Amino acid sequence: METTLIPDEFPTVFDPSRCVIFLGAGFSADSTNKEHGHPPIGDALNKAIKKLSNIPEDEPSDFTDSAGYAISQNLDLFGLLEGLYTIREITNSQRKILSLPWLRIYTTNYDNSVSVFMSEKNKNLTTDIFDLTDDSPRQLRKGAVIHLHGSIAKCQPDNLDQSLVLTRRSYVEQRVKKSPWWDWFDRDIKISQYVFFLGYDINDFEPASYLIKYPGMEGRRHFILRNPRSRIVESKLVHYGVRHSFELTGFVDRLDRAKVEATPAHERELSSLRYIDLSKDNKLPSKPTSAEIQELLAFGRVRFDAIRSSFPKSEYAVIRTNLLKECKNALKENKTLVIHSKIGNGKTIISDELKIILSQEGRSCFVLRNNISPLPQDIEFINGLDAPVIFFPNYDSATTNIHLFDGLSEKSRYVLEISSSTLQVRMQEVLKKLRGSIARIGVDKLNKDDATALIDLLKKAGLTSITRSIDIREGIEFRDFLLKSYDNPEIADRLKSVINPLLQNAPARRLICISSILKSAGLTVDIGFIEDVTGEDPYTILSSLGESVLELMAYSMDMLEPHSSVLSEHILQKYIDPKDFIETIFNLAAEAARRIDETHDFSSERFRRARALLSAALRFGFITSIIGKSADKRRAIEKLYEKCRRDALIEKEPLFWLQYSIFWQDELRWDLAESHMDEAYSRGHSRPRFKSFQLDTNYLGLLCDLERCFSKAGNPVSRLEKLTETMETCRAMIDDGNHREHVIKAFLKLEPMISKRKGDFTDTQCTALCYSLNLVEKKLAALSESEQAQCGIEPCRASIQNCISILKQRPMSRHPNGEVK
């Protein structure tokens with residue numbers, strides 16, 4: 001065949017399910033449009049718009065300016081574009097290309113060629129084709145199509161310039177707003193086996209800006225084009241990829257090289273899941289050394305094989321025998337196991353130990369790889385197993401992908417880790433999205449045997465000095481032990497030897513600060529977010545620093561994460577200048593606010609992550625835990641919040657005003673605290689579908705503080721109506737479960753206020769308050785025993801009962817005129 005005689009650099013074999021195709025105008029050039037012609041290529045669109053506008057064809061302006069002019073003159077540009085880009089018939093070459101199971105299809109074309117093909121195949125267009133105007137979902141199905149510049153199919157005459165990247169203004173706006181679809185493009189070009197650009201030679205700045213970011217990957221990008229008109233044109237793509245001049249027909253000829261990987265024949269052949277193979281390499285794993293134990297304590301970098309080599313003995317990490325038994329028993333009775341704790345308390349190590357013990361007992365354990373969905377062929381293989389156990393790398397991965405495993409056997413089980421704070425906030429989501437009966441096991445505190453095992457481990461590792469400086473006993477939390485261990489001279493010197501040299505590099509220092517903030521706050525953010533904050537490529541920066549950076553964090557082209565959240569907190573406290581920390585907090589909040597402002601789908605993962613990040617980064621408690629509460633530090637925090645207040649996007653956010661109010665509450669400036677809470681509610685009311693849970697629980701406590709500390713005894717209780725209304729709101733939240741712990745803390749503030757102001761309530765107020773308190777007490781009493789135990793309900797119930805008793809027994813007070821109040 002002719003193709004075998006053409007010397008080129010085109011791949012000899014490729015898996016389309018791991019490849020991306022990018023469709024340019026040349027891809028659709030031979031299809032038939034609504035006008036019984038062909039969609040325009042090259043300068044043909046510009047000429048058509050000029051003809052519509054009665055402008056000479058040789059007038060020196062490009063199509064973006066011509067389109068802007070046509071819109072300004074109220075010409076029927078929509079009718080022109082609809083006729084040109086509404087496709088009625090596609091070619092056989094297009095069909096052959098689109099029939100392959102590509103990982104993703106991107107296009108800057110306005111036409112609907114792919115939709116026509118999918119309609120021919122009776123495929124569901126609503127779930128597979130996305131437009132510029134659509135909000136980016138948390139997960140994209142394989143084969144999804146993204147119109148990066150919009151599609152004529154979703155246009156209307158009155159929204160043309162919003163639906164299509166067409167005019168100069170819309171091109172500029174796209175670069176400023178940074179559509180989330182470009183984040184997906186960025187991710188896919190990094191992870192794909194190959195990217196094939198069909199009839200596209202990068203005339204747009206935006207795609208080129210992503211390709212140029214990753215030098216060394218040019219051989220994975222192939223541009224399928226016509227013969228170049230000149231050597232200059234031929235050299236145009238040299239920095240972006242490999243140019244081929246055999247056109248679409250040549251690409252179709254080479255599609256016989258496409259080989260979709262078959263269903264795996266063995267556990268070790270799975271691509272999207274990692275099999276826990278205890279017989280790996282058919283050799284004994286090496287025993288952990290004292291240096292490796294020190295590295296685990298210092299940097300939190302866990303070596304799974306080191307745990308495996310000494311299991312069930314605590315010779316590398318503490319084997320928490322009682323907790324493991326509890327986890328095993330929970331999996332016998334429940335479909336899903338949730339391992340939870342505070343950030344940095346050892347969930348991952350417990351999960352690793354559970355993988356080992358279940359594998360030893362004959363269960364097939366698999367870990368879903370991070371940031372990907374399970375491949376259909378991998379699920380098909382696991383579906384043939386009797387009792388597989390699927391471990392998810394994080395909570396978001398579980399909620400996104402767990403439904404894909406629904407066809408597995410009844411004996412299949414699921415395990416995931418989650419921070420306790422996230423579990424409390426998302427309890428209803430956990431119950432709704434996870435599968436079957438759910439067991440929750442907390443791993444925060446060490447028991448007596450765990451503490452003894454930790455002491456023995458430190459002694460065997462030559463770290464006895466740590467046991468002398470830290471009181472390791474039953475009930476200690478592992479994160480508290482780690483934070484104290486960083487003051488040990490041996491551990492401290494080891495940390496300094498790695499961290500200090502890295503911080504000498506300014507870009508690396510910014511990345512370490514940002515990633516430490518995110519890790520210590522329990523947040524996961526895509527690399528695109530960090531790039532937008534810094535304006536730099538993290539992978540390029542970190543890969544230039546040598547292997548020492550790997551002791552501190554794991555990173556790749558689409559991931560960056562310190563090994564330890566506890567160490568991240570320590571780095572922020574001891575190594576990062578407070579000014580740099582405060583500046584980074586503002587930059588993170590500003591980028592989060594920008595993403596919130598431009599996102600229209602308030603249920604999207606992008607929106608939810610941005611709002612969670614803004615809330616966590618600006619949280620007063622988090623900031624003070626890092627830099628402290630001295631007078632100069634308080635002044636720095638006030639300057640930060642003032643800078644946020646002057647930012648046009650951050651000041652729109654109710655959660656910012658909440659944190660500023662909490663700052664003033666801590667300053668005992670009750671007037672500002674109250675006014676800023678009013679601002680928080682005002683901003684919340686202007687946000688569609690904004691849930692005011694965080695505002696309500698804080699406001700209840702603030703109202704109590706205002707009446708107890710700000711209002712003088714002997715004066716009327718002026719905020720009782722607001723108080724009872726907020727009590728009712730918070731009472732309803734008890735059923736939800738997501739914010740129950742925060743509600744309980746807020747209700748506990750009632751008793752000190754009522755005790756101090758008991759003589760200032762009128763009879764009417766007292767009756768209304770007692771009524772509300774009784775409703776709260778009944779709601780708390782109606783919770784199940786397990787729910788009451790989990791949230792510590794009993795002390796709150798007792799406090800509510802005390803409040804009722806105080807009000808009923810309050811002494812009569814009189815007005816100055818002698819009348820009984």
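These numbers were taken from a predicted model, which means no experiment stands behind them.
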Subject >> Considering all heavy atoms, the nearest Leu166-Ala67 contact >> reply: CG-CB, 3.7 Å
Original post:
Are side-chain heavy atoms of Tyr414 and Leu408 found at a separation under 4.5 Å?
Top reply: yes
**OP:** Please examine the side chains of Leu81 and Cys155, heavy atoms only from C-beta on, and report whether any two atoms are closer than 4.5 Å.
**Re:** no
Original post:
Can you name the ring pair (Phe, Tyr, Trp, His ring centres under 6.0 Å) partners of Phe14, sequence neighbours left out?
Top reply: Phe196
Subject >> Note: Asp62-Arg168 ion pair, threshold 4.0 Å (strictly below) >> reply: yes
Original post:
So, for Phe27 and Ser113, which heavy atoms are closest and what is the spacing to 0.1 Å?
Top reply: CE2-CB, 4.5 Å
Subject >> Glu653 and Arg594 ion-paired at < 4.0 Å >> reply: no
Original post:
How would you list, by chain and number, every residue that makes a side-chain hydrogen bond (donor to acceptor under 3.5 Å, both in side chains) with Asn383, sequence neighbours excluded?
Top reply: none
Original post:
With no hydrogens and no angle check, do the side chains of Ser61 and Glu59 hold a donor and an acceptor under 3.5 Å apart?
Top reply: yes
Original post:
Can you check whether Val20 reaches Tyr106 side chain to side chain, under 4.5 Å on heavy atoms?
Top reply: yes
Original post:
Got Arg595 and Asp183 here, is their nearest side-chain heavy-atom distance under 4.5 Å?
Top reply: yes
Subject >> Distance, nearest 0.5 Å, that separates CZ of Phe392 from CZ of Phe405 >> reply: 5.0 Å
Original post:
Any side-chain heavy-atom pair from Ile129 and Ser115 closer than 4.5 angstrom?
Top reply: yes
Original post:
Is there any side chain to side chain donor-acceptor pair (under 3.5 Å) pair reaching into residues 39-48, and which pairs are they, with sequence neighbours excluded?
Top reply: Asp43-Asn46, Asn46-Ser66
**OP:** Taking the side chain as every heavy atom from C-beta outward, state whether Pro374 and Leu273 have any atom pair closer than 4.5 Å.
**Re:** yes
Original post:
Who are the ring pair (Phe, Tyr, Trp, His ring centres under 6.0 Å) partners of Phe22, not counting sequence neighbours?
Top reply: Phe185, Phe197, Tyr200
Original post:
Would you say the side chains of Asp188 and Ser192 form a donor-acceptor pair under 3.5 Å?
Top reply: no
Original post:
Can you find a pair of side-chain heavy atoms, one from Leu45 and one from Tyr110, that are under 4.5 Å apart?
Top reply: yes
Original post:
So among Leu77, Leu84, Ile55, Asp65, which one has a side-chain contact (heavy atoms from CB on, under 4.5 Å) with Ile49?
Top reply: Leu77
**OP:** Kindly confirm or rule out a cation-pi arrangement of Arg254 over Phe246, judged by NZ or CZ under 6.0 Å from the six-membered ring centre and within 45° of its axis?
**Re:** yes
Original post:
Listed by chain and number, what are the side-chain hydrogen bond (donor to acceptor under 3.5 Å, both in side chains) partners of Gln73, not counting sequence neighbours?
Top reply: none
**OP:** Could you tell me whether the side chain of Lys121 reaches within less than 4.5 Å of the side chain of Ser99, counting heavy atoms only?
**Re:** no
Subject >> Pair Asn370, Asn394: side-chain N/O donor-acceptor within cut-off below 3.5 Å >> reply: yes
**OP:** Applying side-chain hydrogen bond (donor to acceptor under 3.5 Å, both in side chains), name anything that partners Arg220, two or more places apart in sequence or on another chain.
**Re:** none
Original post:
What is the minimum heavy-atom distance between Ile224 and Leu248, and which atoms define it?
Top reply: CG2-N, 4.2 Å
Original post:
Between Asp30 and Thr91, do the side chains contain an N or O donor and an N or O acceptor separated by less than 3.5 Å?
Top reply: no
